[in-house]
2 protein chains.
Amino acid sequence: MQLAALLVRRGCSQSSAAAEASAVLKVRPERSPRERILTLESMNPQVKAVEYAVRGPIVLKAGEIELELQRGIKKPFTEVIRANIGDAQAMGQQPITFIRQVMALCTYPNLLNSPSFPEDAKKRARRILQACGGNSLGSYSASQGVNCIREDVAAYITRRDGGVPAEPDNIYLTTGASDGISTILKILVSGGGKSRTGVMIPIPQYPLYSAVISELGAVQVNYYLDEDNCWALNVNELRRAVREAKDHCDPKVLCIINPGNPTGQVQSRKCIEDVIHFAWEEKLFLLADEVYQDNVYSLDCRFHSFKKVLYEMGPEYSNNVELASFHSTSKGYMGECGYRGGYMEVINLHPEIKGQLVKLLSVRLCPPVSGQAAMDIVVNPPVQGEESFEQFSKEKESVLGNLATKAKLTEDLFNQVPGIHCNPLQGAMYAFPRIFIPAKAVEAAQAHKMAPDMFYCMKLLEETGICVVPGSGFGQREGTFHFRMTILPPVEKLKTVLEKVKDFHIKFLEKYA
Amino acid sequence: MQLAALLVRRGCSQSSAAAEASAVLKVRPERSPRERILTLESMNPQVKAVEYAVRGPIVLKAGEIELELQRGIKKPFTEVIRANIGDAQAMGQQPITFIRQVMALCTYPNLLNSPSFPEDAKKRARRILQACGGNSLGSYSASQGVNCIREDVAAYITRRDGGVPAEPDNIYLTTGASDGISTILKILVSGGGKSRTGVMIPIPQYPLYSAVISELGAVQVNYYLDEDNCWALNVNELRRAVREAKDHCDPKVLCIINPGNPTGQVQSRKCIEDVIHFAWEEKLFLLADEVYQDNVYSLDCRFHSFKKVLYEMGPEYSNNVELASFHSTSKGYMGECGYRGGYMEVINLHPEIKGQLVKLLSVRLCPPVSGQAAMDIVVNPPVQGEESFEQFSKEKESVLGNLATKAKLTEDLFNQVPGIHCNPLQGAMYAFPRIFIPAKAVEAAQAHKMAPDMFYCMKLLEETGICVVPGSGFGQREGTFHFRMTILPPVEKLKTVLEKVKDFHIKFLEKYA
């Protein structure tokens, strides 16, 4: 991971240095620049420690290769396939028509008079606009988000959780889920030395967590998911992790990603109960990252929200366990990443802390109102009897059905390759296969000062144009290697990608045998 | 200010406590909640120290009064006028048609076939979409922002600065200007004890600065603007501030707001040169908050960008002084606050720090792509010869002309009131008049445990429905009192507002004589 950070720096400094040099030439310097104030040595050391693999060195390299292809430089492939990030529409997924219709109506209300837009879309646009200052998406909203959108989110959660009540006052609209997660962690982190806040995260994890923990100077407490058991979360492992952590920090937060990213497992109801009981016992604040709640593919799995299970466990838990859960417009069937919409629901938050949260959020004024509107349509879609219901349902089912097909396809194909093992993709939108890397390849990687899986992924990129993220960017058990690949390319393209990975892997094994 | 923070907490806890109580009732608790993990005592103390007056207790009170009016409770007024925040469209300003047309086309590309949209809007929408992954606003962009939009921003800066070159590589698109300012400060802050980073900010200031400084645990170093000299910045005062600061911190950053917020002054070219020379001498990293660059009203004032003056001062400065400057879609003539668009331009940033900046930005994936698109249209508006040029220019000039009228009107009217003195509103969109508060009113405020200007503003709100922000939220010289009021209400309404403030003030003076 330190290597990764080094590569980030090197990758960037090359292109920046060129721009720098050209800027310098234009003003004809009389002397060379004096020492800078802001340098790697003087900068915030916590920010320096941040790492974020999903957009790390491998992605910078992918960008360089794309530029080379544009310049006509010949490669063994004609395009770079960015399977590194869950960016559905970039991979060709079409936006849900209804969402974009409502958004267009909100953006340019003249269209409310156009006969080409359906009445149910207009109804929603009018409702959103009426709740905005000056009836415009261009006004700031309340710091916590537009009131009626928070009401719609609460109604959605109540429906989703079979009647377990949700209060609009507990809903905070956010700039994507990442914003909510980092905001609540920012409030939670305190202390120095042995009383620094410990934040428990799964390994493998989504690297937002490790990045925010670094930035805040908190202590990362790893608990390992059980790869041999479909990446299940085992409460005994949570116990081990918290016990060991107590020697050097104050474990105060437990982060769960369900369905898992990058591991795709869907937690059973029993497992969630166990986790909640553990959080109750150990006095941990629960963070439930549920952005893939619509992305469940295995027929024997179902999404259960932490909120619902918490309530069903009775008042001993539901009045006591502090929980923040997160959702987003970026994943699911809609894949509206660019709008940066999301929400956070908090349970049992101390009233004084709610005041602190609103105060902190007010400094950045409000989440993008267009993203809030997108979130509204996701939680308040067309219902049976409405004009757009049929088309909406067809589009939604088509996306989710395709993802389910691709999840199975990916698992099956990877497991046919010698030296690759892939757990079932129960949910989310990634495969995280384990790959065997021969000793000679490990040596070659060391010679290049790279983690072995970074070396593997760089070779894959250079030889096939396929961009995936090394497992070391997410964390993995010592001595094991993985990569994360999205299943977002269209089916036929995904098949080609999988075949290419297979061929590459076999050749890689031969080369370093 | 501590009082203000107390009020924030009290204001929020009341409504939250009610929601909490109702949630608790629904699950029929068997016992009362146990102690919370996250409390005022256990939370991040740096976040606890954050204050943000623009959305503070006075705004919470305004919300309560609005609810009372809705419930039919009689007041001496029929509506609350939110003159506390620079939120143009909430005050009835219409969006610029061209901006919204391009945004609607980008949102719902089917409209590209519609004859009701002009060709120049379609051209821009096609260009933006072609630069987006999958030709969709729904994809993530590069962390630094969409490439072609950064090119357009660089071209805009070059035009604005009469040919001084700007490089797309130095442009970072942001989620409003606030995001850029807090990101660069986050990287800059380091050290502990006497070597903690000192950040110099004007007093009065826009409270984003003090909030971010608190959150990061940096040291706020105040320099006072000269109220007797139209809020001018005096370099001798910078010298005093930095000299005194060196006793207890390491002053490393100098923040400038030009045109000023809340003070509305526009810096002269000479003053900017002096500031740059001072930053060069004292080895300070310069932050130039230039979000009001289009909002200059006094005929004897002109906006000069720090970037331009820096280049014109020659290579000794332009190759050495590190500068980050900020712009936004939220102010100017467009007032598109809700889209959270903005950019930051950096000059002389160390190449390694550029890598660190991109890494840090990549953790939050990307700024809202809709906000990036809005920024693009602001920097790439219709030009002479294009179909929309005339309407665009008319709309733009109408907004700016109106603001100039209102700036003069406000200054003149305030200065007719005994006990109010108001400097010329050279730019931005606020008046920050000095108010005389009689000794008896100061005593009454103390009895209510309020800052005197908070007491004044609360009374103004309760008696007239006009919501303004007390000067103590921005900082002011000990013993002086002010408030900040936007000049955004439509002309006739603004006249009424000013008359009401005048009547209130005269009665207030009489009451506490």
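Side chains included, hydrogens not; waters and symmetry mates left out as well; all remaining heavy atoms used. Below, read A as the first sequence line, B as the second, and so on, with proteins coming before strands; counting in each chain starts at 1. Source: prediction; values computed, not measured.
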Between [X] and chain A, with a heavy-atom cut-off of 4.5 Å, which part of the residue counts as in contact: side chain, backbone, both or neither?
X	result
P367(B)	backbone
L111(B)	side chain
A373(B)	neither

Begin from the C-alpha positions of R36(A) and N348(B) and carry the test side-chain contact (heavy atoms from CB on, under 4.5 Å) through to its verdict.
CA-CA 8 Å; R36(A) 299 273 157 76; N348(B) 289 322; 4.3 Å; yes

State whether K186(A) and E215(B) are salt-bridged, where the test is any N-O pair (Lys NZ or Arg NE/NH1/NH2 against Asp/Glu carboxylate O) under 4.0 Å.
yes

Measure the shortest side-chain to side-chain distance between P368(A) and Y339(B) over non-hydrogen atoms and say whether it is less than 4.5 angstrom.
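The answer is no, as the side chains (C-beta and beyond) never meet within the 4.5 Å cut-off.
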
Where on [X] is there a heavy atom nearer than 4.5 Å to chain B: the side chain, the backbone, both, or neither?
X	value
C132(A)	neither
S330(A)	side chain
L188(A)	both
L216(A)	neither
R340(A)	side chain
L137(A)	both

In terms of heavy-atom pairs under 4.5 Å with chain B, the winner among T39(A), L105(A), T329(A) is T39(A)

Quick check on the interface: out of G133(A), S139(A), S190(A), who has the most heavy-atom pairs with chain B under 4.5 Å?
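Between G133(A), S139(A), S190(A), the count favours S139(A).
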
To the closest 0.5 Å, what do you measure between NZ (K252(B)) and CD1 (I37(A))?
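Going from the NZ atom of K252(B) to the CD1 atom of I37(A) covers 9.0 Å.
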
Quick one, Q94(A) with S136(B), criterion side-chain contact (heavy atoms from CB on, under 4.5 Å). Give me CA distance, side-chain angles, the key distance, then yes/no.
CA-CA 9 Å; Q94(A) 290 307 298; S136(B) 172; over 6 Å; no

ring-ring contact (aromatic ring centres under 6.0 Å, His included) assessment of F117(A) paired with Y108(B)
CA-CA 11 Å; F117(A) 285 79; Y108(B) 192 57; 5.4 Å; yes

I would like to know whether N44(A) and I187(B) meet side-chain contact (heavy atoms from CB on, under 4.5 Å); could you show each step before the answer?
CA-CA 5 Å; N44(A) 185 334; I187(B) 295 189; 5.6 Å; no

Side chain E322(A), main chain L38(B), donor-acceptor under 3.5 Å:
yes

Between V363(A) and S178(B), does a side-chain contact (heavy atoms from CB on, under 4.5 Å) hold up when you go through it step by step?
CA-CA 8 Å; V363(A) 177; S178(B) 302; over 6 Å; no

